[in-house]
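Here the structure comes first, spelled out in structure tokens, and everything after it is commentary.
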Amino acid sequence: MAIRKLRYEGDDILKKKSREVEEIDDKLQTLIDDMIETMHKYNGVGLAAVQVGILKRVVVIDLYDDNGPIVLINPVIIKTKGEQEVDEGCLSFPNKFAKVIRPAEVIAEYTNRNGKHMRVKAKELLAQAICHELDHLDGEVFVDKILPGTLEYIEPEK
């Protein structure tokens with residue numbers, strides 16, 4: 001496993017749409033492992049492959065609970081319910097935080113890293129993370145969705 005180089009605000013790749021994964025092979029498994037390690041290194045809740053420069057529809061999410069990381073390949077949100085105003089940040093936009101509106105609940109379909117078709121019903125933080133990461137797959141970033149007047153810059157610890 002390896003830490004991948006993150007792509008940051010201003011990098012054109014973050015605005016590009018990711019391609020469907022056609023084959024789950026050893027190369028993809030390595031990418032997934034590297035993405036999980038990279039997400040953990042930077043204390044992220046989620047990471048999309050585009051954030052490490054790979055235009056594939058792959059997302060990893062970890063709520064740091066007993067379930068461990070979730071891997072979503074070719075994810076699609078098929079249903080949303082309600083809305084929630086949430087504080088959000090992004091590994092590709094370090095030290096920026098703002099409020100955005102996200103669905104309170106989502107149902108998403110995806111393929112797991114073993115090739116099994118799955119469905120997840122997510123609420124609260126998991127719903128937020130799924131929406132945030134799937135936006136990345138479509139070339140959208142959270143700063144495009146912030147509620148006016150809520151952007152904050154947090155100075156990094158030295």
Side-chain angles (χ1 to χ4, degrees), residues 1-21 24-77 84-104 106 108 110-114 118 120 122-147 150-158:
M1 293 194 300
I3 303 296
R4 298 274 180 132
K5 182 178 185 282
L6 288 174
R7 300 299 185 98
Y8 294 106
E9 181 175 15
D11 191 319
D12 290 342
I13 200 167
L14 294 174
K15 293 290 190 174
K16 294 185 178 178
K17 189 172 174 111
S18 296
R19 295 180 298 276
E20 293 275 322
V21 172
I24 300 174
D25 56 12
D26 289 345
K27 188 174 179 182
L28 187 71
Q29 296 292 350
T30 298
L31 171 64
I32 291 166
D33 290 338
D34 290 354
M35 287 174 62
I36 292 169
E37 188 172 352
T38 302
M39 174 182 62
H40 287 160
K41 166 141 174 72
Y42 295 105
N43 300 311
V45 171
L47 188 67
V50 64
Q51 291 179 271
V52 294
I54 307 295
L55 287 170
K56 290 191 182 247
R57 297 188 78 79
V58 178
V59 165
V60 296
I61 295 173
D62 195 343
L63 301 184
Y64 300 91
D65 58 14
D66 293 338
N67 297 318
I70 305 165
V71 176
L72 300 94
I73 300 169
N74 298 330
V76 178
I77 294 172
Q84 58 180 336
E85 182 178 301
V86 293
D87 290 312
E88 205 159 285
C90 180
L91 293 177
S92 291
F93 294 79
N95 310 314
K96 285 188 177 181
F97 299 90
K99 292 192 180 300
V100 298
I101 302 293
R102 296 283 187 195
V106 299
Y110 63 97
T111 302
N112 72 11
R113 70 184 306 169
N114 299 317
M118 307 284 288
V120 62
K123 297 179 181 184
E124 299 169 346
L125 180 58
L126 182 55
Q128 176 187 355
I130 289 171
C131 292
H132 178 107
E133 300 309 330
L134 269 64
D135 279 353
H136 274 299
L137 300 181
D138 292 327
E140 297 176 22
V141 291
F142 93 104
V143 294
D144 296 335
K145 298 176 179 263
I146 63 173
L147 295 174
T150 66
L151 182 62
E152 293 181 41
Y153 297 91
I154 308 295
E155 288 297 321
E157 292 181 17
K158 303 246 189 268

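The analysis underlying the following values was restricted to heavy atoms, covering all of them including side chains, and did not include hydrogens, waters or symmetry mates.
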Is the closest side-chain heavy-atom distance between [X] and [Y] below 4.5 Å?
{"X": "R102", "Y": "D135", "answer": "yes"}
{"X": "L31", "Y": "R4", "answer": "yes"}
{"X": "E37", "Y": "H40", "answer": "no"}
{"X": "T111", "Y": "V21", "answer": "no"}
{"X": "I70", "Y": "D62", "answer": "no"}
{"X": "L137", "Y": "P75", "answer": "yes"}

Where do [X] and [Y] come nearest, in terms of heavy atoms and distance?
{"X": "L126", "Y": "A122", "value": "CG-CB, 3.6 Å"}
{"X": "Y110", "Y": "V71", "value": "CE1-O, 3.4 Å"}
{"X": "V100", "Y": "I146", "value": "CG1-CA, 3.8 Å"}
{"X": "K56", "Y": "A49", "value": "O-CB, 3.5 Å"}

Would K145 and E88 pass as an ion pair if we require N to O under 4.0 Å? no
Point to revise | Pair D138 + R57: basic N to acidic O under 4.0 Å | key: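 R57 and D138: salt-bridged.
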Practice item. May I ask you to check whether over 12 heavy atoms, not counting those of D26, lie within 6.0 Å of atom CG? Key: no
Name the orientation class of the two ring planes belonging to F93 and F142 (parallel below 30°, tilted from 30 to 60°, perpendicular beyond 60°).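 Perpendicular, since the angle between the ring planes exceeds 60°.
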Mind checking the CD-NZ spacing from Q51 to K5? Nearest 0.5 Å is all I need.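 It is 13.0 Å, given to the nearest 0.5 Å.
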*For D33 and R113, run side chain to side chain contact (heavy atoms under 4.5 Å, CB included): C-alpha distance rounded to whole Å, both residues' side-chain angles, the deciding distance at 0.1 Å, then the answer.*
CA-CA 10 Å; D33 290 338; R113 70 184 306 169; 2.8 Å; yes
